[in-house]
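Single-structure report; data block below.
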Amino acid sequence: MPQDIYDKVMMLAKRRGFIYPSFEIYGGCAGFYDYGPLGSRLKQNLENLWRSFYLLKDNCVEISTPTITLFEVLKASGHVDEFTDLTVDCKKCKQSYKVEGIIGEGISVEKAIKNNKVKCPTCKTILKNPYNVNLMFSTKIGIGQSRDAFLRPETAQGIFTDFHLLYRHAREKLPFGVVQIGKGYRNEVSPRQGIIRLREFSMAEAEIFFDPNDKTHPNFKDVKDEVLFLFDNEKEMEITLEKAVQTGVINNQALAYYMYLTQEFLMTAGINPEKFRFRKHSDDELAHYAVECWDAELFSERFGWIECVGIADRSAYDLISHMESTGTDMYALRKYDEPKIVDVKKIVPDMGKLGPLFKDKAGKIKTLLENMDVKDNEKIFVDIDGKTVEVPSNCYKIVETKEKQIGEKFVPHVIEPSYGIDRILYCILEQNYAEVKKKDEEYRLLKLKPEIAPIKVGVFPLVSDERLVKIAKIVDKNLRNAGIATYYDEGGTIGRRYARMDEIGTPFCVTIDHDTLKDKSVTIRDRDTTKQDREKIEDIIRHIKNKISC
RNA sequence: GCGGAUAUGAUCUAGUGGUUAUGAUAGUGGCUUCCCAAGCCACUUGCUCGGGUUCAAAUCCCGGUAUCCGCACCA
């Protein structure tokens, strides 16, 4: 017998084609799951609902970037270093430890290893041969002189590396938002808990770029009196957006607004408000790139509170990182009301001298000189390929000019709502799973919201009378042509067909019966009430569309 | 990765060192023409993988894999 709701949900998910273990005929592989026919559709609907919030309500744009990401990108973003743990094994205790976690504070990892200071916390054996564990999947691009790459651990970097182009696309106005829905990959040590912790997972991320001096949101005023459900690690509280920002509970309007958008999205997707809350990250659990982060947590009877969405203020961390490692301009411009005329001192390199002296380095030095702050009567040094080199004073001139400045440059800050689609999808299944007794028999149904249900309408002839079948097939075809996902079924009894639809979360069933032949009306049955309305055939499409519209 | 438990059709489950592996659900075809999993008939699908012990292994032993629980990990 199934133990708990997780077992029951996963049982139903597998039996009905929502979720299968991947490669099962080869023994399966931990951390990988397939979405079956209904699961794929449910996921698509969930993603499209998400799009309606971010692309329509919030007017973001969507892009799509490769899942295979150059080493250099993830080196710059900090993932190569921060994602790596130096690990040692104790052969006696058969345990693995992070070196960082078992050495004393204030000692560097390198020193600790050199001086044999790495000891097993259990048996005090001196541990040797540390090795790096990186949670990213690595790969190579091309053969021969190949380039190192990783499967991306988040979709965000693709947006950051396109920033300068996207900023132009947004016609150089802030704030603007860019989203991406796609796969992310983390080579988890031991994934468990079904689709809660996958090695390949679906994420929906939005990066909204703000002027750091102005993290207000244009839509904030429309929603400022709405209530957020917060949890401060001790008690739950309800607070309006306006009050939360005023009192500093939430740092800025932008964060608060995206928290609200997240809350609305999840409620629309069928999350139970009582199984939902926002929790603020404490300082020591913040990711390496974040300065403030709120998680939307959803409650699972099996797993407790699950982190399903993270809404982080990443500040200018990522754009600065990529700018520093590539030299690409990732600034935005804050325009002055009136252009200013300012005196500017500039270094003008003399390439006639620089060239012969520095050869192939001359070009780089030229760029460095041009971007340098000018100080009078000081020697000029540049860092080139890790070396500090003096530039002789005859290689440049300092020129004073008047320049018109129309604004000041700054690196935008990023607010990032990041959604774990698979986790949300599991919680929707669990929270909408219901059992009732019908004639002493256990009766299962998924009370999925019509917006995301994989099948919207079951279409049945009451009996397999040819006249009814003919009409039913036409009704079914018309619904599908109108963009409504249907399931046509004439097998078994009518009760059995209703039951099949209830179990996969189909909100409505249209039945063609004997009265249809007389007055061209059909019954529309509601999944949750099992009540039936009669409607004219020509009104069905409009009627259903009304019920499933977001 | 460490320790423990488990593994039988699509799903759940009985089972014993010895013929053709139990039952239910689901599914398919037919009868029934039925508005909430009705009934009847027929049919489909299985012992996690590899090795060992044995005359004989789904059953006992070892190993792999997966799942669940605990520890560690989860930026």
Side-chain angles (χ1 to χ4, degrees), chain A residues 1-4 6-8 10-17 20-32 36 74 77-85 87-91 93-98 101-102 121-122 133-136 153-154 186-194 196-199 201 281 284-290 293 302 306-307 310 312 418 420 423 436 438-445 458 460-469 490-503 509 511-515 522-523 525-527 529-532:
Chain A
M1 278 298 286
Q3 298 281 305
D4 67 2
Y6 171 81
D7 294 318
K8 289 176 182 176
M10 291 307 276
M11 221 173 91
L12 186 150
K14 188 171 181 189
R15 194 160 39 83
R16 287 303 195 182
Y20 309 131
S22 296
F23 323 118
E24 199 185 18
I25 60 168
Y26 285 95
C29 185
F32 296 92
L74 292 159
S77 69
H79 287 86
V80 172
D81 298 323
E82 296 292 332
F83 234 77
T84 303
D85 292 321
T87 307
V88 280
D89 295 336
C90 178
K91 290 195 177 107
C93 307
K94 292 190 175 173
Q95 289 282 329
S96 302
Y97 301 97
K98 281 164 84 172
I102 57 172
T122 323
V133 175
N134 191 294
L135 258 41
M136 290 192 290
E154 58 173 10
R186 296 177 192 180
N187 201 358
E188 299 281 358
V189 178
S190 64
R192 273 183 212 172
Q193 312 175 325
I196 299 298
R197 235 172 119 195
L198 294 170
R199 288 185 165 127
F201 51 94
H281 275 206
D284 59 354
E285 64 183 313
L286 284 172
H288 67 274
Y289 48 70
C293 184
R302 164 73 81 94
I306 303 171
E307 169 193 344
S418 171
R423 290 182 171 192
V436 292
K438 270 197 182 178
K439 292 181 188 163
D440 281 340
E441 209 179 339
E442 206 146 85
Y443 192 91
R444 290 171 296 274
L445 61 166
F460 320 133
L462 180 61
V463 295
S464 52
D465 177 321
E466 248 180 62
R467 291 169 304 168
L468 300 186
V469 168
E490 57 176 89
T493 62
I494 188 73
R496 182 178 295 274
R497 285 177 264 162
Y498 285 144
R500 278 198 273 253
M501 290 298 106
D502 286 346
E503 201 177 29
C509 292
T511 303
I512 286 75
D513 58 17
H514 301 295
D515 290 344
V522 297
T523 62
R525 171 209 186 244
D526 181 281
R527 175 193 65 209
T529 63
T530 74
K531 293 226 171 74
Q532 297 184 10

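Sequence lines set the chain letters: A, B, ... in the order given, protein chains first and strands last, and positions in each chain run from 1. These numbers come from the heavy atoms of this one structure, side chains and all, not from hydrogens, waters or symmetry mates.
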**Asked** Quick one: does A/Glu188 reach the base of B/C73 with a side-chain donor-acceptor pair under 3.5 Å?
**Response** no
**Closest to the A/Leu135 side chain, choosing from B/C12, B/U33, B/C74** = B/C74
**Asked** When you compare B/U53 with B/C47, how far apart are their P atoms, in angstrom units rounded to a whole number?
**Response** 24 Å
**Request:** Both distances under 3.5 Å, Watson-Crick or G-U wobble: on that basis, could you give the dot-bracket string for RNA chain B, with [ ] for crossing pairs and | for other-strand partners?
**Result:** (((((((..(((.....[....)))((((((.......))))))...(((((..]....))))))))))))....
Write down the protein N/O and nucleotide N/O pairs, taken from nucleotides 1-4 of chain B, whose separation is under 3.5 Å; answer none if there are no such pairs.
unit_1 : atom_1 : unit_2   : atom_2 : d
B/G1   : O6     : A/Ser190 : OG     : 3.2
B/C2   : O4'    : A/Lys94  : O      : 3.3

**Closest-nucleotide 5' rank along RNA chain B - winner of A/His288 and A/Gly27** = A/Gly27
**Fill in**
Residue pair A/Arg423/A/Gly492 against RNA chain B: nearer the 5' end by closest nucleotide is A/Gly492
**Item:** P gap between B/U48 and B/C40, integer Å
**Value:** 32 Å
**Message:** What I'd like to find out is whether the side chain of A/Arg500 reaches to under 4.5 Å of the side chain of A/Arg16, using heavy atoms alone.
**Reply:** yes
**Request:** State, with a plain yes or no, whether a side-chain heavy atom of A/Asp502 is found less than 4.5 Å away from one of A/Arg444.
**Result:** no
**Pairwise C1' distance, B/A10 and B/U28 [rounded to whole Å]** = 13 Å
**Asked** If you check the A/Thr493 side chain, which of B/U11, B/C36, B/A38 turns out closest?
**Response** B/A38
**Message:** The side chain of A/Thr523 is closest to which nucleotide in this list: B/A10, B/C35, B/A37?
**Reply:** B/C35
**Asked** A/Arg525 versus A/Phe460: any side-chain heavy-atom pair under 4.5 Å?
**Response** no
**Side-chain H-bond candidate by donor/acceptor type, A/Thr511 with A/Tyr498, under 3.5 Å** = yes
**Request:** Kindly assign one of parallel, tilted or perpendicular to the pair A/His79 and A/His288, based on the angle between their ring planes and the thresholds 30° and 60°.
**Result:** perpendicular
**Request:** State which of B/A66, B/C35, B/U11 makes the closest approach to the side chain of A/Ala30.
**Result:** B/A66
**Message:** Measuring only between side-chain heavy atoms, which start at C-beta, is A/Gln532 closer than 4.5 Å to A/Cys509?
**Reply:** no
**Request:** Answer yes or no: is there a side-chain heavy-atom contact under 4.5 Å between A/Leu198 and A/Arg423?
**Result:** no
**Item:** Nearest-neighbour nucleotide for the A/Arg302 side chain, B/U11, B/U67, B/C68 considered
**Value:** B/C68
**Request:** Tell whether A/Tyr26 reaches the base of B/C49 with its side chain through a donor-acceptor pair below 3.5 angstrom.
**Result:** no
**Prompt:** Any donor-acceptor pair under 3.5 Å joining the side chain of A/Arg497 to the base of B/C36?
**Reply:** no
Check nucleotides 23-27 of chain B against the protein and report each pair of N or O atoms closer than 3.5 Å, with its distance, or say if there are none.
unit_1 : atom_1 : unit_2   : atom_2 : d
B/A26  : OP1    : A/Arg496 : NH1    : 2.9
B/G27  : OP1    : A/Arg500 : NH1    : 2.3
B/G27  : OP2    : A/Arg496 : NH1    : 3.3

**Message:** Work out how far the P atom of B/U54 is from that of B/U16, and round it to whole angstrom.
**Reply:** 24 Å
